[in-house]
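This chain uses plain numbering: 1 for the first residue, then up along the sequence. Note that the coordinates shown come from a computational prediction; the quantities given were computed from them, not determined experimentally.
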Amino acid sequence: MNICVYGAASARLEEIYYKKTQELGALMGKQGHGLVFGGGATGMMGAAARGVHSENGYILGIAPRFFDQPGVLYEHCTEFIFTETMRERKQLLEERSDATIVAPGGIGTYEEFFEILTLKSLGRIDRPIVLFNINGYYDRMKALLEHTADEKFMDREILDLCRFMEDPEEILNYIENYKR
């Protein structure tokens, strides 16, 4: 299956984030899963792509044309699609993948996660969604979602629509055995 990985583009993170995300990508490639991602050469995106590439896996990069600058995009994609807008990019990331993994990231990654979780909560999609909780990165996100449910701003059942996991093997096992 093709798995969308969202994540930071930053090249200034602690090494553990790159290492674990590259490990996840390598395991995806080894187990025959393709990567669908935002096309970036650095950060979590680049780490996932390098991991999949190390196992000769399929890599689909999707990015708006304005990102086509030297050193910005990952050069070893199997296929690359340029879009005009970020919205069009998100639409294709969703359409061209079967599952979503949210690696550590910033506001863009949060926005992508919340959109995909919202679509699932509304019954518009049904796919596994995993927050890759490297180094406890998403512990506060989990607490925020629990607080949101506790305060009745969302139904508690929405908490069951995504998983927080830190082990790449556990993540892929969950995705591979996901029941619709």
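If you chain together hydrophobic residues whose side chains sit under 4.5 Å apart, Met86 and Tyr6 never meet in one group. Hydrophobic cluster membership is shared by Leu13 and Tyr110, with clusters built from Ile, Leu, Val, Met, Phe, Trp and Tyr side chains linked at under 4.5 angstrom. No continuous path of ILVMFWY side-chain contacts below 4.5 Å connects Val5 to Phe67, so the two sit in separate hydrophobic clusters. A continuous path of ILVMFWY side-chain contacts below 4.5 Å connects Phe164 to Ile171, so both sit in one hydrophobic cluster. The hydrophobic clustering, which links ILVMFWY residues whose side-chain heavy atoms are closer than 4.5 Å, places Ile101 and Phe114 together.
Summarising the geometry of Leu73 relative to Ala63, their closest heavy-atom pair is CD2-CB, 3.9 Å, with the distance given to 0.1 Å. Scanning all heavy atoms of the two residues, the minimum distance from Ala47 to Tyr18 falls at CB-O, 3.6 Å. The shortest heavy-atom contact between Lys120 and Ile129 is CD-CD1, 3.7 Å. Residue Pro168 comes nearest to Glu23 through the heavy atom pair CG-OE2, 3.6 Å, listed as atom of the first residue, atom of the second, then distance. In this structure, Pro128 and Tyr174 approach most closely via the heavy-atom pair CB-CE2, 3.7 Å. Summarising the geometry of Ala49 relative to Phe37, their closest heavy-atom pair is CB-CZ, 3.7 Å, with the distance given to 0.1 Å.
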Audit row: Gln31, Glu55, side-chain hydrogen bond (donor to acceptor under 3.5 Å, both in side chains) steps and yes/no: CA-CA 9 Å; Gln31 293 184 204; Glu55 295 291 334; over 6 Å; no
side-chain contact (heavy atoms from CB on, under 4.5 Å) between Val102 and Glu112, worked out: CA-CA 9 Å; Val102 185; Glu112 291 162 333; over 6 Å; no
Full working for salt bridge (charged side-chain N to carboxylate O under 4.0 Å, His left out) between Glu79 and Arg96: CA-CA 12 Å; Glu79 183 181 357; Arg96 297 290 299 264; 3.4 Å; yes
Worked verdict on Ile3 versus Met28 for side-chain contact (heavy atoms from CB on, under 4.5 Å): CA-CA 8 Å; Ile3 301 172; Met28 286 170 53; 3.7 Å; yes
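Looking at heavy atoms from C-beta onward, Arg50 lies in side-chain contact with Tyr74 at the 4.5 angstrom threshold. Taking 4.5 Å as the limit, every side-chain heavy atom of Leu60 sits out of range of all side-chain heavy atoms of Leu35. In this structure, Tyr17 and Tyr137 have side chains that are in contact, with non-hydrogen atoms separated by less than 4.5 Å. Contact check for Thr42 versus Ser10: no side-chain heavy atoms found under the 4.5 Å cut-off. A heavy-atom distance below 4.5 Å is found between the side chains of Glu115 and Leu119. Arg127 has its side chain within reach of Ile116: a pair of non-hydrogen atoms, C-beta onward, lies under 4.5 Å apart. Side-chain contact between Ile62 and Val36 is present, with heavy atoms from C-beta onward closer than 4.5 Å.
One finds the CD1 atom of Ile134 at 10.5 Å from the NZ atom of Lys19 (value rounded to the nearest 0.5 Å). Separating the CG atom in Leu131 from the CG atom in Leu145 is a distance of 8.0 Å, to the nearest 0.5 Å. Taken to the nearest 0.5 Å, the CG atom of Leu122 stands 8.0 Å off from the CD1 atom of Ile158. Interatomic distance, Met154 CE to Glu146 CD, rounded to the nearest 0.5 Å: 8.5 Å. Atom CG of Asp98 is separated from atom CD1 of Ile175 by 10.0 Å, given to the nearest 0.5 angstrom. For the atom pair CE of Met44 and CD of Gln22, the computed distance is 10.0 Å after rounding to the nearest 0.5 Å.
For the side-chain hydrogen bond (donor to acceptor under 3.5 Å, both in side chains) condition, the pairs that include at least one residue of residues 156-170, sequence neighbours left out, are Asp150-Arg156.
Remark: side-chain polar atoms of Ser97 are not paired, donor with acceptor, to backbone N or O of Asn2 under 3.5 angstrom. Checked by atom type and distance alone, the side chain of Asn133 never pairs as donor or acceptor with a backbone atom of Met165 at under 3.5 Å.
More than 12 heavy atoms of other shown residues, nucleotides or ligands fall within 6.0 angstrom of atom NE2 in His76. For Ile107, the CD1 atom sits in a loose shell: 12 or fewer heavy atoms of surrounding residues, nucleotides or ligands are nearer than 6.0 Å. Counting heavy atoms of neighbouring residues, nucleotides and ligands inside a 6.0 Å radius, atom NZ of Lys142 does not exceed 12 of them.
Classification of the Phe80-Phe82 ring pair by plane angle, with boundaries at 30° and 60°, yields tilted.
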